[in-house]
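Heavy-atom basis, side chains included; hydrogens, waters and symmetry copies ignored.
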Amino acid sequence: MTSLVLVLVTATAAGLLSRLVRVPPLAGYLLAGFCLGFAGVEGFPGLEEIADVGVTLLLFAIGLKFNVRTLVRPQTWGTATAHMVVLSVVGAGFVALLAGIGLVTARDGLTSFALVAFALSFSSTVLVVKILEGRSDDGAYYGQTAIGILVVQDLAAVVFISASNGESPSPWALALVGLVPAAWLIRKLLAHVDAAELLVLLGVALALGPGYWLFDLVGLKGDLGALVLGLLLAGAEGSGRMGKALLGLKELFLVAFFLSIGIEVLPSGADVLAALVLVVVLVPVNVAVFVALGRAFGLRNRTAVLSGLALGNFSEFSIIVVDVGVGAGLLADRWLVVVAVSVAMSMVVSAIVNGRGLRLTRWLSERMRDQDPARITPEDRPVDTGDAEVLVLGMGRMGHAAYDRFRDTYGMEVMGIDNDMAVTRRLAKDGYRVLEGDATELEFWHRITTAHTVHTVVLAMTQHDSNVYALERLRDSRYTGRLAAVVRTADQERHFRQAGVHAVFNLYEGAGITLADAAAGEDGDPSYDGRR
């Protein structure tokens with residue numbers, strides 16, 4: 001119990017301190033792990049297991065929100081593949097240089113240098129997703145591209161590890177295709193689960209059961225199984241609620257992951273120096289290659305910089321790959337410590353840099369060469385509202401009805417925005433002017449180009465927080481037209497009225513009035529007593 005209390009108190013203090021100095025809390029957790037490790041604290045029993053569960057839940061949650069179509073985009077698989085090749089070549093040369101000056105062991109030869117460089121070409125899935133979630137950009141185009149790149153990297157690492165161990169997956173791995181029909185049944189079940197505690201329990205059971213355990217049973221990486229199951233459930237009714245329900249538990253368990261990295265590493269002074277040099281040189285190269293490849297594959301300057309900064313770190317998979325190399329006799333034992341320290345250092349640096357990433361992104365983007373809009377991939381081009389007079393954010397039932405009213409009754413030009421591609425495609429076939437976009441992402445507001453013809457914006461998204469976020473971004477852009485919003489409670493209505501929203505419609509209050517009118521009879525006679 002003593003070690004448990006000590007770890008918890010140290011982690012909490014480090015997290016609070018990091019917030020005071022305005023750096024992401026996970027940087028504090030990593031440093032707390034280092035302090036505990038140097039103090040000889042081994043952590044409490046079960047710390048590693050909790051950390052593993054945290055990573056598994058994280059990958060499951062990624063799958064729930066990930067768009068599988070992203071993997072077939074050249075911006076994803078092309079960037080990931082080219083980046084691994086370039087970093088492996090450049091990194092091998094640099095590691096050889098370090099060996100030449102005696103900073104690292106030189107007896108392993110060029111093959112070992114290439115293996116170390118290959119390991120350091122991976123980016124941290126845990127850290128990158130944490131960065132994206134912190135900005136609410138895990139669904140943004142650059143966020144989905146970055147996650148897609150991580151998935152490709154993780155697959156490459158799994159293939160390497162399997163090949164190096166000389167162990168092929170069990171023939172029973174083919175039976176995992178049975179998860180496809182099973183996922184169909186789970187999707188049906190999800191639609192009927194609304195209790196928060198049951199959603200958490202079901203999410204953990206799915207991630208660890210048919211996700212992790214089944215894949216591990218047939219010789220595949222268990223974490224990969226959690227990701228795959230999440231992908232199979234993505235877009236299902238209730239999957240979004242499950243992801244939100246798991247958020248707190250996942251965040252708590254991930255603290256154990258960052259703590260365990262620091263606690264397990266006990267480097268010498270020479271190891272720290274070698275790791276520091278690797279981070280100082282290869283992390284900027286890492287970012288630069290991602291940015292250059294992003295531009296080459298048609299990303300906007302801003303998108304390329306955002307994804308490059310997020311991916312500019314070393315991965316927990318780097319440690320696993322090097323560990324496999326040490327076990328196979330391809331690397332000296334010292335490399336495991338050096339790479340582990342490099343990974344931890346790169347995470348701290350990346351967390352701090354991305355904590356101020358938006359300002360740095362703007363500064364870098366403004367100094368890059370202008371791009372030909374025709375060469376930018378269509379999904380990343382500015383969102384043009386054209387001659388629209390009314391902008392409806394959220395094309396659910398309320399947004400849909402508002403769109404029809406503005407267009408049919410008042411004869412106005414209307415543009416609808418919704419983050420569900422199925423919705424936008426269906427409405428487009430019916431003749432509506434709609435665009436796919438997520439107004440809860442900061443990146444959406446950097447892409448949108450609104451003509452001066454827009455004089456009314458309707459906030460009709462299902463989540464109040466989403467409408468609040470959109471309102472804040474409109475204020476930031478100095479929008480001065482009329483605003484209308486849908487609310488569900490008196491507190492929400494009060495908040496919007498105080499914020500200067502011109503028209504606020506309380507969904508339940510309005511429904512109650514309509515219900516009462518309907519109950520009063522078709523002629524609306526208030527004296528109707530229900531007996532005729």
Answer yes or no: is there a side-chain heavy-atom contact under 4.5 Å between [X] and [Y]?
| X | Y | value |
| --- | --- | --- |
| L190 | L202 | yes |
| M345 | V272 | yes |
| V200 | L246 | yes |
| M395 | T424 | no |
| F122 | V321 | yes |
| W172 | L217 | no |
| L233 | L206 | yes |
| L4 | L47 | no |

Main-chain N/O of [Y] paired with [X] side-chain donor or acceptor, under 3.5 Å:
| X | Y | answer |
| --- | --- | --- |
| T10 | V7 | no |
| N286 | G312 | no |
| R187 | S239 | no |
| D216 | Y212 | no |
| S307 | A304 | yes |
| S121 | F118 | yes |
| Q153 | S123 | yes |
| S342 | L278 | no |

Least distance between heavy atoms, [X] atom then [Y] atom:
| X | Y | result |
| --- | --- | --- |
| S346 | V279 | N-CG2, 4.1 Å |
| A92 | A114 | CB-CA, 3.8 Å |
| A207 | T56 | O-CG2, 3.7 Å |
| A310 | S350 | O-OG, 4.2 Å |
| V338 | A274 | CG1-CB, 4.1 Å |
| A117 | L87 | CB-O, 3.9 Å |

Could you list all the ring pair (Phe, Tyr, Trp, His ring centres under 6.0 Å) pairs where at least one residue sits in residues 69-93, not counting sequence neighbours?
H83-F290
As a quick check of understanding, evaluate side chain to side chain contact (heavy atoms under 4.5 Å, CB included) for L179 and L214, giving each step before the final call.
CA-CA 10 Å; L179 283 176; L214 279 182; 4.2 Å; yes
Evaluation steps, side chain to side chain contact (heavy atoms under 4.5 Å, CB included), between L98 and V277:
CA-CA 9 Å; L98 295 183; V277 173; 3.7 Å; yes
List for me each residue that meets salt bridge (charged side-chain N to carboxylate O under 4.0 Å, His left out) alongside D271, sequence neighbours excluded, and say none if there are none.
R334
Gap separating the [atom1] atom of [X] from the [atom2] atom of [Y], nearest 0.5 angstrom:
| X | Y | atom1 | atom2 | answer |
| --- | --- | --- | --- | --- |
| R73 | L299 | CZ | CG | 10.0 Å |
| L229 | L64 | CG | CG | 8.0 Å |
| L227 | F215 | CG | CZ | 9.0 Å |
| T79 | R295 | OG1 | CZ | 13.0 Å |
| T377 | Q75 | OG1 | CD | 4.0 Å |
| N467 | M461 | CG | CE | 4.5 Å |

F314/V339 under side chain to side chain contact (heavy atoms under 4.5 Å, CB included): CA gap, chis, key distance, verdict:
CA-CA 9 Å; F314 302 146; V339 169; over 6 Å; no
Taking it one step at a time, do V128 and I147 satisfy side chain to side chain contact (heavy atoms under 4.5 Å, CB included)?
CA-CA 8 Å; V128 173; I147 293 173; 5.6 Å; no
Single hit among V349, L127, L120, V283 for side chain to side chain contact (heavy atoms under 4.5 Å, CB included) with N313
L127
Applying ring pair (Phe, Tyr, Trp, His ring centres under 6.0 Å), can you list everything that pairs with F60, at least two apart in sequence or on another chain?
none
